[in-house]
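Numbering of ligands and ligand atoms starts at 1, following listing order.
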Amino acid sequence: MKRMLSGIKPTGKLTLGNYIGAIRQFVTYQDEYEMFVFIANMHAITVPENPSELKKNTKDLIALYIACGLDPEKVTLFLQSDVHEHAELGWMLTCHTYMGELQRMTQYKDKVAKGETSLTAGLFTYPSLMAADILLYDADYVPVGVDQKQHVELTRDLAERFNHRYGETFVVPTPVVAKVGAKVYSLSDPTKKMSKSENDDKSTIYLLDDPKAARKKIMSAVTDSVGIIQYDPENQPGLANLLTIHSCLSGESIESIVSRYEGKGYGELKKEIGDTVEKFLTDLQARYKEIVASGICEKVLADGKEKAQAIAFKKVRKVKKKLGFQLFN
Ligand code: AMP
Ligand code: TRP
């Protein structure tokens with residue numbers, strides 16, 4: 001069975017974008033692959049984080065992973081900081097990453113271009129840590145949103161570089177980006193990504209939003225003045241985004257939704273999408289509450305840690321040998 005691995009940072013509250021672009025994919029793949037899904041809390045501290053918020057977001061994330069349909073019996077769910085090999089291999093790979101490669105990473109470049117100051121060295125080198133997250137487990141596939149594809153490509157380069165220099169050590173991973181809904185856009189500015197860190201609350205639907213309030217956000221989503229229901233992301237990005245959300249949550253193809261709405265107005269379509277989102281969140285939150293109340297998260301993480309660490313330990317031992325760290329056999 002091929003291996004698949006992915007992770008999400010526990011910064012901010014999870015959004016519908018995270019679900020559609022990432023978690024939903026993990027759920028569909030869990031039967032097909034040997035899955036590893038982790039909480040990237042070491043990545044969370046690349047920017048200033050409030051410890052009690054980080055704790056709350058991390059607990060929510062694990063419960064939401066399970067509520068979204070990840071089955072702890074099938075998937076190894078774990079917390080990154082529980083497996084110290086991430087930091088260890090992260091450093092070893094940082095020492096094999098060129099400054100120029102990191103400087104080319106769009107996420108970093110965007111922050112610099114925006115004039116953000118006080119950027120940490122951790123934020124700059126985090127793609128090397130991400131490479132370690134992936135290479136520790138010999139992951140064949142890494143499902144991510146489009147914004148993360150570049151980091152998986154860097155991971156491939158690092159794996160190839162290392163293998164070339166020291167002999168076969170790492171599996172070279174392949175990024176997997178969903179076709180529909182790889183990127184969910186902001187409801188108030190559909191040219192921007194729907195993001196956790198959005199200040200304007202109307203633009204983002206959070207998985208733990210009050211379902212009725214979420215419905216309202218859909219109703220007030222920005223569309224256009226064309227007035228025709230069709231899928232045209234370039235000229236009608238707001239509408240295309242709503243159609244994508246609807247299709248991903250309901251399972252109905254965009255084509256089929258569009259044909260049902262031929263000659264009808266945006267308001268009617270928005271109502272249906274609002275209902276879909278409301279129902280989705282209501283069901284999800286009921287499961288989330290059950291999971292939190294059951295107290296299973298601690299056990300899931302403890303089991304996940306054990307499984308993940310057994311694999312990570314062996315990989316780091318191998319890398320140390322290659323680097324000349326192991327002195328006696
Ligand atoms: P982040 O919230 O940036 O930590 O992202 C966690 C995962 O969710 C990554 O795989 C992202 O690519 C994905 N993701 C985040 N926001 C969106 C979005 N608006 N649309 C699609 N995928 C997203
Ligand atoms: N960097 C990813 C993000 O910001 C999270 C992440 C960390 C990740 N390590 C990973 C994703 C390994 C996939 C594989 O969303």
Could you tell me whether some N/O pair between [X] and ligand 1 is separated by less than 3.5 angstrom?
{"X": "S195", "value": "no"}
{"X": "V144", "value": "no"}
{"X": "K196", "value": "yes"}
{"X": "M194", "value": "yes"}
{"X": "V184", "value": "yes"}

Q) Do K74 and D31 sit within salt-bridge range, that is, some charged N less than 4.0 Å from a carboxylate O? A) yes
Q | N-O pairing of D283 and R287 below 4.0 Å | A | no
(Q) Tell me the protein heavy atom at minimum distance from atom 9 (N) of ligand 2, and give that distance in Å. (A) D133 OD2, 2.7 Å
**Q.** For atom 11 (C) of ligand 2, the protein heavy atom that lies nearest, with its residue and separation
**A.** G7 O, 3.3 Å
Which of the atoms in ligand 2, numbered in the order shown and given with their element, are less than 4.0 Å from a heavy-atom of [X]?
{"X": "I134", "result": "12 (C), 14 (C)"}
{"X": "V142", "result": "13 (C), 14 (C)"}
{"X": "Q148", "result": "1 (N), 2 (C), 3 (C), 4 (O), 15 (O)"}
{"X": "Y126", "result": "1 (N), 4 (O)"}
{"X": "F38", "result": "9 (N), 10 (C), 12 (C)"}

Using a 3.5 Å distance criterion without hydrogens, assess whether the side chain of [X] forms a donor-acceptor pair with backbone atoms of [Y].
{"X": "K196", "Y": "P10", "value": "no"}
{"X": "Q236", "Y": "I228", "value": "yes"}
{"X": "Q148", "Y": "V142", "value": "no"}

Q: Consider every N or O of K9 and every N or O of ligand 2, then say whether any pair is closer than 3.5 Å.
A: yes
For [X], atoms of ligand 1 separated by under 4.0 Å from a heavy atom:
{"X": "A22", "answer": "7 (C), 8 (O), 10 (O)"}
{"X": "D147", "answer": "11 (C), 12 (O)"}
{"X": "G21", "answer": "21 (C), 22 (N)"}
{"X": "K9", "answer": "4 (O)"}

Q. Taking D303 as the fixed residue, which of K299, K307, K305 is the one that meets the salt bridge (Lys or Arg N to Asp or Glu O under 4.0 Å) rule?
A. K299
Q: Report yes or no: does a heavy atom of H151 sit under 4.0 Å from some atom of ligand 2?
A: no
**Q.** Contact with ligand 1 for N18, non-hydrogen, under 4.0 angstrom
**A.** yes
(Q) Could you check whether any side-chain heavy atom of F38 comes within less than 4.5 Å of a side-chain heavy atom of V83, counting everything from C-beta outward? (A) no
Q) Among Q148, K183, K193, which residue places a heavy atom closest to atom 9 (C) of ligand 1? A) Q148
Q.
Would H86 and Y137 count as a ring-ring contact (aromatic ring centres under 6.0 Å, His included) here? Give the steps.
A. CA-CA 10 Å; H86 287 253; Y137 301 95; 5.6 Å; yes
Q. Does the side chain of S128 pick up a donor-acceptor pair with the side chain of T97 at under 3.5 Å?
A. yes
Q.
Is it true that N241 and T244 share a donor-acceptor pair across their side chains at a distance under 3.5 Å?
A. no
Q) Taking the six-membered ring of Y266 as reference, does the NZ or CZ atom of K270 fall below 6.0 Å from its centre and within a 45° cone about the axis? A) no
Q) Looking at Y206, is K13 sitting on its ring face, NZ or CZ under 6.0 Å from the six-membered ring centre and within 45 degrees of the normal? A) yes
